[in-house]
Every structure is written in C-alpha cells, then in structure tokens.
Asker: 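Dropping the structure in here first, questions after.
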Amino acid sequence: MAAGLVLGAVAILAALMLGRFHLTPGAAAATLLSPLTHDESITQAMRSVVFNVRLPRILLALAAGAGLAAAGAAFQAIFSNPLATPDTLGVSTGAAFGAVLGLLLGFDALAVQIASLVMGLAAVALVYAVSSIRGKTTVLMLILSGLVISAFFSALIALVKYAADPQDVLPAITFWLMGSMTGATMKTLLLGLPFIVIGCLVLYLLRWKLNALSLPAQEARALGLRLPQLRAIVIVASTMVSASIVSMCGLIGWVGLLIPHFVRLTIGSNNEYVLPASTLWGAIFVLACDTAARSAAQMEIPVCILTAVLGAPVFLLILR
C-alpha cells in the first residue's frame with residue numbers, strides 16, 4: 001500500500017507533465033499549487049492546461065480505475081468466481097446502451113451521462129426481476145440472467161449503431177464505446193463522482209463481510225449474516241460505481257478482472273485488504289494507461305485498447 005501511494009503520486013505528477021503542452025515537474029507542481037501560492041510566474045496557458053484539461057482527466061481516470069477494480073473484487077467475492085467482473089450482471093452493456101441511444105437522439109453530454117446511468121441501474125433491476133423465482137434468487141440464476149441481459153443489450157447497441165448516421169453519429173458512438181477520458185470536465189465529474197464515492201465507501205465498509213460471502217451458504221448463515229440482503233447491497237453499490245464510470249468514459253475492460261488477481265497474488269485473499277489495495281492499484285493502472293494513450297502518439301489512442309493490450313499478457317503471467 002505504501003509503494004502504491006508513492007507510485008500513485010508519481011503517476012499524477014507525470015500525468016500533469018506529459019502531453020503536447022509539456023511541463024517540467026517543478027512547473028506542474030507550481031501550477032497545481034498556484035491558487036494557494038499566487039505565483040506570478042505561472043501563465044494563463046499553464047493554468048488552463050492543468051485545471052481545465054489535465055486535472056479533470058486525471059480525477060476521472062483515478063475514479064474509473066478505483067471503482068472498476070473495487071467492483072471487480074466485490075463481484076469475485078460474492079460470486080466466488082475468479083472471472084466475475086462488473087460486466088457479469090449486464091451493468092456495463094446496459095449503461096453503454098443508454099449512452100449510445102442518447103448519442104443517436106442527439107442528447108447533450110450531460111443528458112447522455114444521465115441516460116447511461118439510468119439504463120445501467122435498469123439493467124441490474126431487470127436481471128433481478130428475471131432471476132427471481134417465487135421471490136427468491138440464487139447466485140447461479142443471477143449469473144445466467146446477467147449473461148442473457150448483457151447479450152440482449154449488446155444486440156440493442158448493434159441495432160442503434162446500424163440505425164445511426166454513418167457520417168456523424170456512428171463514429172461518435174464507436175469512439176465512445178472504445179472508452180476515453182477525452183470529454184472529462186468538472187461538470188461531468190460532479191454528476192458521476194458522488195455515485196462512485198458512495199458505492200466504493202459501501203463496499204469498503206462491508207469488506208470484511210465479503211470474506212463470509214465467499215463461504216458456502218450454510219456456513220455464512222451460521223455467522224449470522226443475511227445473505228440475500230447483503231448480496232443485494234453489494235450488487236447495488238457495485239452497479240452504481242460501474243454505471244457511473246461507463247456513463248462518463250465509456251467501456252473500459254480488464255481493470256475489474258486483472259487488478260484484484262494481481263492484488264491477491266501480492267497480499268493474499270483477505271478481502272479486508274484486497275478491496276482497498278485493488279482500489280489503489282486500479283486507480284494507478286488506469287491513470288498510467290490514460291497518460292500513455294494521450295502521450296504515446298500524435299493521435300490519442302482509446303484507453304480500452306491499452307488496458308486490453310497490457311492487461312491480457314499481464315493476466316497470463318499472473319495465471320502462470
């Protein structure tokens with residue numbers, strides 16, 4: 001955790017420095033502190049780049065990485081499945097459908113974000129409704145229902161792309177689905193960030209109970225836990241986090257799968273430590289990928305491409 005905090009500070013400073021408008025480490029730090037120090041050597045261009053462009057993007061990358069990793073760790077714990085991710089219950093595809101539908105209908109950025117968030121929550125509500133039999137549901141029914149609903153929303157996304165104008169709307173939808181922090185502003189963060197913070201806080205407060213959820217049902221009940229209610233709280237909190245992230249920056253894969261496995265390999269399987277460590281290292285991973293995505297080439301690379309290119313081989317190494 002100490003190493004992660006140090007590396008996180010270095011990653012934030014590097015993200016402030018790197019880009020087409022290059023800043024030295026001293027200039028980046030001085031610009032960030034200029035509202036407090038009133039340093040007259042800081043130009044308006046430096047302030048604009050740091051506070052209007054890079055800082056919102058850094059905050060979004062940190063929030064997205066932390067939220068996806070925390071949600072991934074929580075899903076893997078409650079489903080006792082090492083392959084469980086925020087996509088398991090159709091959250092990501094539902095939120096993505098809401099966003100692409102908003103783009104098709106010509107909504108502004110804020111309305112697209114709201115539509116994405118609402119559809120992500122609706123997707124999980126639909127999964128619960130489908131998986132419930134006589135008022136009860138099981139983990140197996142939840143997972144199978146999630147796969148079906150995810151496939152359904154994927155088909156709806158394909159339908160929207162088919163109906164979209166190939167000159168204007170379709171490229172925007174395609175680029176958004178690839179995942180990008182390009183449109184990050186303080187306004188978009190104010191809408192989505194509270195959901196991420198609240199969801200992660202709920203997961204953090206329940207982190208020691210996630211160990212009990214990993215046990216067989218009879219043993220968990222013997223500890224005095226109300227499994228359906230606890231599982232529902234964890235799923236709703238993870239859904240809030242995942243849907244908010246998708247609504248702000250599109251689909252970003254591999255974070256919720258890769259980071260919890262990396263953390264468990266490093267510090268063990270106790271969720272009391274896995275959850276906060278996953279949050280920290282997920283934030284570092286996405287921030288590093290986003291900084292590389294906008295600095296490595298003349299044109300910006302969608303961040304989900306980098307997370308997949310880096311995540312797949314690293315995950316194979318972890319498996320080995």
Asker: Please report the shortest heavy-atom distance between M119 and G98, naming the atom on each side.
Answerer: CG-CA, 3.5 Å
Asker: Do F175 and T182 come within less than 4.5 Å of each other through their side chains, counting heavy atoms only?
Answerer: yes
Asker: Given the rule that I, L, V, M, F, W and Y join up when any side-chain heavy atoms are under 4.5 Å apart, are I157 and L159 in one cluster?
Answerer: no
Asker: Would you call the rings of F97 and F153 parallel, tilted or perpendicular, taking 30° and 60° as the class edges?
Answerer: tilted
Asker: Kindly work out whether a path of hydrophobic side-chain contacts (I/L/V/M/F/W/Y, heavy atoms less than 4.5 Å apart) joins L265 to W254.
Answerer: yes
Asker: Assess the residue pair M240 and V202 against the criterion (side-chain contact (heavy atoms from CB on, under 4.5 Å)); give the C-alpha distance rounded to whole Å, side-chain angles, the decisive distance to 0.1 Å, and a yes or no.
Answerer: CA-CA 11 Å; M240 285 172 52; V202 170; over 6 Å; no
Asker: According to a 4.5 Å side-chain heavy-atom criterion applied to Ile, Leu, Val, Met, Phe, Trp and Tyr, with indirect links allowed, do M17 and I58 form part of one hydrophobic cluster?
Answerer: no
Asker: For F152, does the CZ atom have more than 12 heavy-atom neighbours from other residues, nucleotides or ligands under 6.0 Å away?
Answerer: no
Asker: Mind listing the closest non-hydrogen atom pair of I196 and A63 along with its distance?
Answerer: CG2-O, 3.9 Å
Asker: Report the distance from atom CG of L193 to atom CD1 of I198, rounding to the nearest 0.5 Å.
Answerer: 10.0 Å
Asker: Considering only heavy atoms from C-beta outward, does the side chain of V148 approach that of V130 to under 4.5 Å?
Answerer: no
Asker: Closest approach of S238 and A74, non-hydrogen atoms and distance?
Answerer: OG-CB, 3.8 Å
Asker: Do you know which two heavy atoms are closest between F262 and T266, and how far apart they sit?
Answerer: O-OG1, 2.7 Å
Asker: Using atom types as modelled and distance alone, determine if a side-chain donor or acceptor of T307 lies under 3.5 Å from a backbone N or O of G253.
Answerer: yes
Asker: Please step through side-chain contact (heavy atoms from CB on, under 4.5 Å) for the pair V124 and V236, ending with a clear verdict.
Answerer: CA-CA 8 Å; V124 171; V236 169; 5.7 Å; no
Asker: I'd like a table of donor-acceptor pairs (distance under 3.5 Å, sequence neighbours excluded) in which one partner is a side-chain atom from residues 105-115, with atom names and distances.
Answerer:
unit_1, atom_1, unit_2, atom_2, d
D108, OD1, L110, N, 3.4
D108, OD1, A111, N, 2.8
Q113, NE2, T188, O, 3.0

Asker: Give, for atom NE2 of H261 and atom OG of S269, the distance between the pair rounded to the nearest 0.5 Å.
Answerer: 10.0 Å
Asker: Give a yes or no on whether the backbone of L18 and the side-chain of R294 come within a donor-acceptor separation of less than 3.5 Å.
Answerer: yes
Asker: Atom CG in L170, atom CG in L104: separation rounded to 0.5 Å?
Answerer: 10.0 Å
Asker: Between atom CG of L32 and atom CG of L13, what is the distance when rounded to the nearest 0.5 Å?
Answerer: 9.0 Å
Asker: Taking all non-hydrogen atoms of both residues into account, name the closest pair between L68 and I245 and its distance.
Answerer: N-CD1, 3.6 Å
Asker: Among T239, V241, V246, whose side-chain contact (heavy atoms from CB on, under 4.5 Å) with V91 holds?
Answerer: T239
Asker: Using the rule that Ile, Leu, Val, Met, Phe, Trp and Tyr join whenever any side-chain heavy atoms are under 4.5 Å apart, tell me whether L5 and L62 fall into a single cluster.
Answerer: yes
Asker: Would you say the side chain of L210 lies within less than 4.5 Å of the side chain of L203, judging by non-hydrogen atoms?
Answerer: no
Asker: Keeping R207 on the side-chain end and V274 on the backbone end, is there a donor-acceptor pair under 3.5 Å?
Answerer: no
Asker: Report yes if the side chains of L16 and V50 come closer than 4.5 Å at any heavy-atom pair, otherwise no.
Answerer: yes
Asker: Throw together a table of side-chain donor-acceptor distances under 3.5 angstrom for residues 283-293, partners on residues two or more places apart or in other chains.
Answerer:
unit_1, atom_1, unit_2, atom_2, d
D290, OD1, R57, NE, 3.2
D290, OD1, R57, NH2, 3.0
D290, OD2, R57, NE, 3.0
T291, OG1, L287, O, 2.8

Asker: Among residues at least two apart in sequence or on other chains, which ones pass ring pair (Phe, Tyr, Trp, His ring centres under 6.0 Å) with Y128?
Answerer: none
Asker: State whether the side chain of N211 and the backbone N or O of N270 hold a donor-acceptor pair below 3.5 Å, judged by distance alone.
Answerer: no
Asker: Mind checking whether F21 and M46 have side chains closer than 4.5 Å, heavy atoms only?
Answerer: yes
Asker: Between S34 (side chain only) and T31 (backbone N and O only), is there a donor and an acceptor less than 3.5 Å apart?
Answerer: yes
Asker: Say whether S150 and T93, considering side chains only, have a donor N or O and an acceptor N or O under 3.5 Å apart.
Answerer: yes
Asker: Kindly indicate, with the supporting measurements, whether the criterion side-chain contact (heavy atoms from CB on, under 4.5 Å) is fulfilled by L258 and L310.
Answerer: CA-CA 10 Å; L258 172 67; L310 294 175; over 6 Å; no
Asker: Please report the interatomic distance CG(L251) to CE(M178), rounded to the nearest 0.5 Å.
Answerer: 11.5 Å
Asker: Side chains of M186 and L59: does their closest heavy-atom pair fall under 4.5 Å?
Answerer: yes
Asker: For the hydrophobic clusters of this structure (ILVMFWY residues joined by side-chain heavy atoms under 4.5 Å, transitively), does one cluster hold both I143 and I78?
Answerer: yes
Asker: So, taking the atom named CE in M181 and the one named SG in C249, what distance separates them when rounded to the nearest 0.5 Å?
Answerer: 4.0 Å
Asker: Surrounding CZ of F315 (heavy atoms of other residues, nucleotides or ligands, distance under 6.0 Å), is the total greater than 12?
Answerer: yes
Asker: Any chance CZ of R47 has more than 12 other-residue heavy atoms, nucleotides or ligands included, within less than 6.0 Å?
Answerer: yes
Asker: Between L191 and M248, is any pair of side-chain heavy atoms under 4.5 Å apart?
Answerer: no
Asker: Taking all non-hydrogen atoms of both residues into account, name the closest pair between S278 and I259 and its distance.
Answerer: O-CG2, 3.6 Å
